Amino acid sequence: MKELEKVYNPQEFEDRIYDFWQKGRYFHSEPDDSRKPFTIVIPPPNVTGQLHMGHALDETLQDILIRYKRMQGFNALWIPGTDHAGIATQIKVEEVLRKEEGLTRYDLGREKFLERVWDWKKTYGDRIINQLKKLGSSCDWERERFTMDEGCSKAVKEVFVNLYEKGLIYKGNRIINWCPQCTTALSDAEVVYEEQPGHFWHIRYPVKNSDEFVTIATTRPETMLGDTAVAVHPDDARYAHLVGKTLILPLVGREIPVVADEYVDQDFGTGCVKITPCHDPNDFEVGKRHQLEEILIMDGNAVINANGGKYEGLDRYEARRQIVRDLEEGGYLVRVEEHTHNVGACYRCGCTVEPMASSQWFVRMKPLAEKAIRAVREGETRFVPDRFSKTYLNWMENVHDWCISRQLWWGHRIPAYYCDACGEMVIAKEEVHTCPKCGAAMRQEEDVLDTWFSSALWPFSTLGWPEDTPELRYYYPTSVLVTGYDIIFFWVARMIFSGLEQMGQVPFSHVLIHGLVRDSQGRKMSKSLGNGIDPLEVIREYGADALRFTLATGNAPGNDMRYYPERVESSRNFANKVWNAARFILMNLKEEDLSFSTAGLRPEDEWILTRYNDVVRDVTENLDKFEIGLALQKVYDFIWDLFCDWYIELVKPRLYAGGEESAMAQRVLLFVFSGALKMLHPFMPFITEEIWQALPTAEEACVTARFPVYDPALRFSESAGRMEHVMETIKAIRNRRAEMNVPHSRKASLYIETAHPEWFEGAALFYQKLAGAEQVLINSKIPEGTVQLVCDGASLYIPFAELIDLESELRRLNKELEKARGELARVEGKLKNQGFISKAPAALVEAENAKKEKFLALIAELTASIEKMEGRR
RNA sequence: GGAGGCAUAGCUCAGCUGGUUAGAGUACUUGCUUGACAUGCAAGGGGUCACUGGUUCAAUUCCAGUUGUCUCCACCA
């Protein structure tokens with residue numbers, strides 16, 4: 001038998017245990033028709049940034065489920081997400097390039113630049129992946145690289161062509177969100193809105209050949225350079241006479257019409273709206289309806305272009321200042337109001353996005369969304385907790401077409417090919433070099449796809465699709481997606497409609513949603529606040545098991561949790577407790593034959609087995625419902641409170657006594673403890689495995705052991721009840737001794753007066769060991785001068801004559817009596833209620849009756865004691 | 001404007017399909033070097049379960065409203 005170190009030191013063994021699992025290839029799984037698959041998809045870590053708590057949480061939850069299912073005999077597979085096409089990397093590399101070498105990506109050229117990005121990802125990806133290992137997960141860089149290069153990109157082309165042929169992808173000139181800093185288009189989901197204080201400029205537009213004018217109000221005066229109309233509401237009497245007239249655009253001098261359009265809200269602002277089709281989505285629509293000219297006034301960096309006349313070359317904000325000044329000088333500015341409004345910013349770089357008309361690729365969402373809505377409505381995919389399906393449906397029902405093209409280089413390049421000679425465009429899975437129409441050379445679309453386009457294919461592209469692989473047939477649809485609620489729109493929704501469209505089936509049956517990890521003040525952890533906590537630091541200090549425990553417990557699914565160092569500390573303390581329990585058991589296992597059987601069990605054995613069995617049942621139920629925190633809490637309570645604080649203490653006398661009694665105790669200890677370790681293993685794999693390797697157990701590794709199963713043969717309700725009765729009295733004695741400040745070392749005889757002497761059979765040792773009893777006398781003559789304790793079904797007497805203060809004793813007894821009477825009144829009230837008797841379940845009425853009896857007996861005992869004491873006063 | 005969450009001990013939070021003497025961790029008070037563990041053991045104090053109604057024999061739990069608070073989505077030029 002191996003010995004355990006004296007001190008719990010996770011750093012000493014976690015790496016070793018990880019290697020042990022790797023060698024045993026416990027993380028690998030292949031399709032195997034004799035076992036049911038269980039597959040989990042989890043989101044990607046951002047390999048360029050810091051590993052943060054969110055990843056740690058994803059990994060932990062995923063790993064708990066995988067281990068649990070594997071221990072139940074499932075063939076469990078984990079499909080790790082990767083940051084395969086995240087544009088953050090590209091932007092980071094560009095930034096470094098600019099700072100360190102003064103170069104842009106265009107200086108390097110596409111090929112060289114992409115190599116740089118790969119190098120970057122390799123360096124940082126390895127770092128992150130190695131860190132993730134510490135959480136007990138295995139992530140494989142080679143696999144990530146493969147899926148980016150080969151499998152995934154093939155799937156992307158396949159899907160793109162597929163959707164294009166069905167008319168679900170189109171290229172069009174539309175208003176999109178443009179990030180001038182990332183210089184790319186963004187999807188709606190990538191824009192975050194924030195209330196910002198701003199101004200409302202009221203500007204006068206003169207009517208041509210008249211001294212009349214209209215006043216418009218705007219928050220973005222610089223966009224007036226692109227104005228091609230002013231709109232009013234068709235029913236607005238104030239302006240009816242102006243519809244069809246021509247205005248002169250101030251500063252620019254362009255002649256623009258006044259048009260009537262339902263879009264205008266008569267009650268907002270002045271009731272006149274300047275129309276800038278190229279820089280506002282609503283104006284764009286108005287422009288289309290009235291065949292207005294479209295004038296783009298900015299370039300990709302949000303600098304005014306040639307269409308802006310004398311403002312060309314100015315940044316959008318400089319242009320704004322200049323224009324406002326000029327308007328004022330020209331007498332066009334009526335007034336300026338303070339105005340707070342929502343401003344969209346790029347979620348990645350925080351730069352204010354510029355709505356701009358631009359030629360981009362879009363996915364037509366309506367038909368895809370319909371299927372995706374139905375799948376969730378009909379329960380093919382279930383969100384856990386269920387309320388997130390509302391979030392999902394709400395979004396899906398109001399979804400706009402998805403802008404999928406990005407003006408970047410890192411990512412999957414759109415498989416569209418153009419012929420500059422004849423204007424032909426070809427969409428194809430294979431590269432096209434010559435134009436099928438005129439034979440001229442073709443060039444591929446420069447734009448790449450949104451990261452989430454390829455991420456959406458993850459559940460099947462990683463399994464070999466579009467080939468019909470055994471993996472795909474075996475593992476798809478997957479079982480669970482584990483992720484935070486912040487990426488429901490980005491990823492979850494898109495995986496669902498992509499899976500439905502390409503595979504005809506939902507990608508997963510359950511979506512387990514967790515909350516965000518916040519700091520101790522409830523703030524979101526972020527780089528800019530500097531409040532991010534590095535999981536690796538935590539692991540170094542407390543161990544991976546402690547971190548996992550912290551992340552898995554103490555909050556309900558889908559709710560945010562706050563990170564407190566104290567909580568990790570308490571988790572570590574629990575690990576230490578388990579460690580020491582193991583040490584205790586190991587140093588007491590002396591028997592040759594430690595095989596467990598139910599023959600000859602003592603009441604305390606039957607009690608712990610019964611409780612153990614209950615926990616097995618409960619934990620299994622909880623885990624099957626993804627109630628991970630609840631399950632872990634039950635394992636924790638069982639191990640610490642029931643097993644360590646009670647059972648171990650109860651069996652110590654037998655262990656030390658030796659002989660067959662001791663042997664029996666050893667067998668039960670080993671059986672229950674190893675079972676508890678198995679239950680704990682999914683949550684705290686390292687410590688359980690390390691201990692397992694030291695224990696003389698039949699199964700070679702905890703990771704491959706079978707998860708405990710509820711066993712009716714281990715249910716001993718009668719002796720369990722009796723044992724708890726004894727425990728109640730022990731607690732009562734301890735309580736009294738503590739109140740009277742009797743030190744543990746001071747022993748005294750214990751007299752028990754009871755109508756159920758059989759309850760206390762063989763319990764003498766327990767009172768001696770745990771309640772400071774010298775000898776235990778049942779139903780013998782009670783000496784004078786004792787402290788009396790009234791318990792359910794028994795009165796206990798301890799001769800502490802000199803410590804007795806009659807008055808305080810009486811006060812205490814009367815207080816107890818009052819409490820018991822209160823309880824009795826409550827129970828009787830219930831039982832007197834005819835409605836309760838007739839409508840409540842019989843078992844409940846029965847239980848209430850039993851309670852009534854119990855309280856009646858207690859009250860009788862207490863009254864008798866009080867009377868006796870009064871007599872002595 | 002639309003949707004959703006949260007409100008339980010000093011603090012952070014559990015409490016699953018209504019019935020418990022309402023729990024945990026932490027903090028606090030007291031006593032313990034009890035032969036695994038002071039990262040520990042034992043005992044204790046501390047809660048009108050936000051408020052108001054409703055459903056029910058029974059509401060911390062279900063429903064409606066109110067207040068406070070947080071989040072997401074949409075968006076008004």
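First the proteins, then the strands, lettered A, B, ... as listed; each starts at 1. These figures come from a predicted structure and were not determined experimentally.
In this structure, A:His339 reaches the B:A77 phosphate: one of its side-chain N or O atoms is under 4.0 Å from OP1 or OP2. Here A:Tyr656 reaches the OP1 or OP2 of B:A36: one of its side-chain N or O atoms lies under 4.0 Å away. Residue A:Asn342 places none of its side-chain N or O atoms closer than 4.0 Å to OP1 or OP2 of B:C76. The phosphate of B:C70 has neither OP1 nor OP2 within less than 4.0 Å of any side-chain N or O from A:Lys524. For A:Trp579 and B:G40, the shortest distance from a side-chain N or O to OP1 or OP2 is not below 4.0 Å.
Note on A:Lys652 versus A:Glu649: salt bridge recorded, some NZ/NE/NH1/NH2 to OD/OE distance being below 4.0 Å. A salt bridge is absent between A:Lys625 and A:Glu621; no separation between the charged side-chain nitrogens and carboxylate oxygens falls under 4.0 Å.
In this structure, A:Phe383 places its CZ atom 16 Å from C1' of B:G5, rounding to the nearest Å. A straight line from CG of A:Asp519 to C1' of B:C11 spans 15 Å, rounded to a whole angstrom. Nucleotide B:C13 holds its P atom 15 Å from the CG atom of A:Leu551, rounded to whole Å. Separating the CD1 atom of A:Ile585 from the C1' atom of B:C37 is a distance of 13 Å, rounded to the nearest angstrom. Note: CZ (A:Phe574) to C1' (B:G25) measures 13 Å, nearest angstrom. Taking atom CD of residue A:Glu649 and atom P of nucleotide B:A36, one finds them 8 Å apart after rounding to whole Å. As rounded to whole Å, 11 Å separates atom C1' of B:A36 from atom CG of A:Leu669. Going from atom CH2 of A:Trp640 over to atom C1' of B:A36 covers 13 Å, rounded to whole Å.
Ring stacking is absent between A:Phe268 and B:A77, as the pair misses the limits of under 5.5 Å between centres and under 30 degrees between planes.
For the residue pair A:Thr215 and A:Tyr205, no side-chain donor N or O sits within less than 3.5 Å of a side-chain acceptor on the partner. With hydrogens and angles left out, the side-chain atoms of A:Lys274 and A:Thr276 include a donor and acceptor closer than 3.5 Å.
At the heavy-atom level, A:Trp201 lies nowhere under 4.0 Å from the strands shown. The residue A:Ile648 sits close to a base: some heavy atom pair falls under 4.0 Å. Residue contacts shown for A:Thr218 are limited to sugar-phosphate atoms, with no base heavy atom under 4.0 Å away. Within 4.0 Å (heavy atoms only), A:Asp265 reaches at least one base atom of the nucleic acid. Within 4.0 Å of A:Arg387, counting heavy atoms only, lie sugar-phosphate atoms of the nucleic acid but no base atom. In this structure, A:Met561 reaches neither bases nor backbone, as no heavy-atom distance under 4.0 Å exists between it and the strands shown. Note on A:Phe388: nothing from the nucleic acid sits closer than 4.0 angstrom, heavy atoms only. At a threshold of 4.0 angstrom between heavy atoms, the contacts of A:Phe489 are confined to the sugar-phosphate backbone, with no base atom among them. A:Asp645 comes within contact range of the sugar-phosphate backbone alone, with a heavy-atom separation under 4.0 Å but no base atom that close. Counting any heavy atom pair closer than 4.0 Å across all strands shown, A:Asn282 reaches sugar-phosphate atoms only and no base atom.
Spacing between B:A9 and B:U29 at atom C1', rounded to whole Å, works out to 15 Å. Using C1' as the reference atom, B:U33 and B:U39 are 16 Å apart when rounded to the nearest Å. B:C49 and B:A59 have their P atoms separated by 13 Å, with the value rounded to a whole Å. Taking the C1' atoms as reference points, B:A22 lies 14 Å from B:G46, given to the whole Å.
Considering only the side chain of A:Tyr564, B:U12 comes nearest among B:A36, B:U12, B:A77. The side chain of A:Asp280 approaches B:C76 more closely than any other nucleotide in the set B:C76, B:A36, B:A3. In this structure, of B:U12, B:A36, B:A77, it is B:A36 that holds the atom nearest to the side chain of A:Lys652.
Look at B:C6: its Watson-Crick or wobble partner, with both distances under 3.5 angstrom, is B:G68. Across all strands shown, nothing is found opposite B:A59 as a Watson-Crick or G-U wobble partner with both distances under 3.5 Å. Across all strands shown, B:A24 forms a Watson-Crick or G-U wobble pair, both distances under 3.5 Å, with B:U12. In this structure, B:G40 forms a base pair with B:C32, meeting either the Watson-Crick or the G-U wobble geometry with both donor-acceptor distances under 3.5 Å. Both distances falling under 3.5 Å, in either a Watson-Crick or a G-U wobble arrangement, place B:G1 opposite B:C73.
Heavy-atom nearest nucleotides on RNA chain B were determined for A:Arg562 and for A:Gly835, and the one closer to the 5' end corresponds to A:Arg562. Mapping A:Ala581 and A:Lys731 onto RNA chain B by nearest heavy atom places A:Ala581 at the nucleotide closer to the 5' end.
Using bins of under 30°, 30° to 60° and over 60° for the plane-to-plane angle, the ring pair A:Phe13/A:Trp579 lands in the parallel bin. Between A:Phe549 and A:Tyr636, the ring planes are tilted. Angles from 30° to 60° get that label. Taking the six-membered ring where tryptophan is involved, the planes of A:Phe200 and A:His202 are perpendicular, since the angle between them exceeds 60° and thus also 30°.
In this structure, the ring of A:Tyr485 has its center no less than 6.0 angstrom from the ring center of A:Phe383.
Residues A:Arg548 and A:Phe683 fail the side-chain proximity criterion, which asks for heavy atoms closer than 4.5 Å.
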Summary of protein contacts for nucleotides 14-22 of chain B, nucleotide by nucleotide, where a base hit scores B, a sugar-phosphate-only hit scores S (4.0 Å, heavy atoms): SSB--BSB-
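Closest heavy-atom contact between A:Ala771 and A:Ile730: CB-CG2, 4.3 Å.
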